[in-house]
Structures are given as C-alpha cells and as structure tokens.
Visitor: 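Before anything else, here's the structure in question.
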Amino acid sequence: GQSLEQPSEVTAVEGAIVQINCTYQTSGFYGLSWYQQHDGGAPTFLSYNALDGLEETGRFSSFLSRSDSYGYLLLQELQMKDSASYFCAVRHTGKLIFGQGTTLQVKP
Amino acid sequence: DSGVTQTPKHLITATGQRVTLRCSPRSGDLSVYWYQQSLDQGLQFLIQYYNGEERAKGNILERFSAQQFPDLHSELNLSSLELGDSALYFCASSVEGTYPYEQYFGPGTRLTVT
C-alpha cells in the first residue's frame, strides 16, 4: 500500500520561513509533487522532485531524499496569501497519491 | 484558471439517487483524473482515463463509474448515493508523460447528499 505523512497544521508569521515535511511509504515511486489549495479552491501545482536534491521556484523550494523516503517544501518570505493547505503527493504510474495535507496559517 | 471545466459547480440530491458530474480537460490533454475530497480530508484518487481508455483505478466504489468520450470530456457517475458520498469532486487533466507531470485541476463539483 501507500501512505504519506505530513503535519496537519503549521503556523508562522509574515516574512518568516517555514518547512513542511513529508514522509512516504509506497510500493512504487516515480517522484514527489507538491500542491497548494486555498480554502474550497482547486489544487494548484507547486513543484516536482524526481531525483534527490533541491528544486527552487521563486520563494518556494522542494527537497527530496529517495533513500530516506522524505521530502519537504520550504516557503520563504511568507506572505498572508500563502495561508492555504499544502499537499505532498507521490507520483505512481501516472496517478498521484496525496497526503492528508498541511494547513499553513500565516499571521501578521 | 487552469483550463479544466467542471459542471455543475454545486449539486444537492437525496440518498439513493444517481448523479453525473462532467469534466472537460484542457485543450490537448489526453489524460483525465477524478479525485474525491471529503471534509478536512486529502484528495483520494478515484480513476484515470487516457484517450478514452481506463488507465488506472484507485479506491473507487462499485457504485461509481466513469468514462471518457471521443471528444475527451469525461463523466463520473455516482449511483445509490449515501450521505458519506458528500464531498468535493475534482477532475484534473494532464499531458501524459511530460515533466514535471503537472496535473491541472478543475474548480470542482460540491456534492451534498441529504
């Protein structure tokens, strides 16, 4: 089977840096994706890691360690609009297996 | 706007009824995926179609079925509805096999079973 673990909630202040961790156990693994979802909205793609290391896209970075079955999403220079749910997802033969999501609350 | 459209936006129906949710993928995308998101839950993969053929199946109930038509739009049929089927149903589309394998999600259909 497949399972992903990520914290349910994280709180940080505006301008700070926050890291959202994700550990996974899957029978097959092609890569780890991250999606953002604002309340009631559609999930939107943030990043994808297939190989070990760091991928940077503006204020967001994502890291993967395949040997540790672990990844994280790093959000820098937090803004109020970053308050949302963040999902890690394992790419498995084309489909995505999502974690339960981490709700990030950014405070002024 | 992801380019993926879903109708209807909201649906309220009674237990035991049957509903059909419709999805039109982005232009050029051959893959369509259906996900269910219950209150405070993650996204549960239901089923994937690629160019009209079923490609992958998740934990989709036998009461649920889907298909993808020649024009690539897809429909998810939910029958014998139960209260627990109340959820947000998302459709996503993608260009199969293209890095970074991004899936584009539609705005969702909120189903309420009473």
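Quick note on labels: first sequence line is chain A, next is B, and so on, each numbered from 1. These values consider heavy atoms only, across backbone and side chains, with no hydrogens, waters or symmetry-generated copies.
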Visitor: Mind checking whether B:Ile47 and B:Tyr33 sit in one hydrophobic cluster, side chains of I, L, V, M, F, W, Y counted as touching below 4.5 Å?
Guide: no
Visitor: B:Phe90, B:Ile60: one ILVMFWY side-chain cluster at the under-4.5 Å cut-off?
Guide: no
Visitor: Given heavy-atom pairs under 4.5 angstrom as the criterion, report whether the side chain, backbone, both or neither of A:Glu55 touches chain B.
Guide: side chain
Visitor: For the hydrophobic clusters of this structure (ILVMFWY residues joined by side-chain heavy atoms under 4.5 Å, transitively), does one cluster hold both A:Leu51 and A:Val90?
Guide: no
Visitor: Do A:Pro43 and B:Leu43 come close enough that some side-chain heavy atom pair is under 4.5 Å?
Guide: yes
Visitor: Check the surroundings of atom CD in A:Glu77: do more than 12 heavy atoms from other residues, nucleotides or ligands lie under 6.0 Å from it?
Guide: no
Visitor: Which bit of A:Tyr30 is near chain B, if near means a heavy-atom gap under 4.5 Å: side chain, backbone, both or neither?
Guide: neither
Visitor: Give a yes or no on whether B:Val32 and B:Phe64 share a hydrophobic cluster (residues Ile, Leu, Val, Met, Phe, Trp, Tyr; joining criterion: side-chain heavy atoms under 4.5 Å apart).
Guide: yes
Visitor: Run the numbers on A:Phe45 and B:Tyr104 for ring pair (Phe, Tyr, Trp, His ring centres under 6.0 Å), then give the verdict.
Guide: CA-CA 7 Å; A:Phe45 174 84; B:Tyr104 297 85; 8.1 Å; no
Visitor: Can you tell me if B:Arg110 has over 12 outside heavy atoms packed within less than 6.0 Å of its CZ?
Guide: no
Visitor: Between CD of B:Gln37 and CZ of A:Phe87, what distance do you get to the nearest 0.5 Å?
Guide: 5.0 Å
Visitor: Using modelled atom types only, decide if a donor and an acceptor are shared between the side chain of B:Tyr101 and the backbone of A:Ser33 within a distance under 3.5 Å.
Guide: no
Visitor: Are any of the side-chain heavy atoms of B:Gln44 and A:Phe98 separated by less than 4.5 Å?
Guide: no
Visitor: Are A:Trp34 and A:Val18 connected into the same hydrophobic cluster when the rule is that any two of I, L, V, M, F, W, Y join if their side-chain heavy atoms are below 4.5 Å apart?
Guide: yes
Visitor: List the atom of B:Phe45, the atom of A:Leu96, and the distance in Å for their closest heavy-atom pair.
Guide: CB-O, 3.7 Å
Visitor: Give, as side chain, backbone, both or neither, the part of B:Tyr50 having an atom under 4.5 angstrom from any heavy atom of chain A.
Guide: neither
Visitor: For A:Glu5, does the CD atom sit with more than 12 other heavy atoms under 6.0 Å from it, leaving out its own atoms?
Guide: no
Visitor: In the structure I gave you, are the side-chain heavy atoms of B:Lys57 and A:Lys95 within less than 4.5 Å of one another anywhere?
Guide: no
Visitor: What's the shortest heavy-atom distance between A:Ala42 and B:Gly106, and which atoms?
Guide: CB-O, 3.1 Å
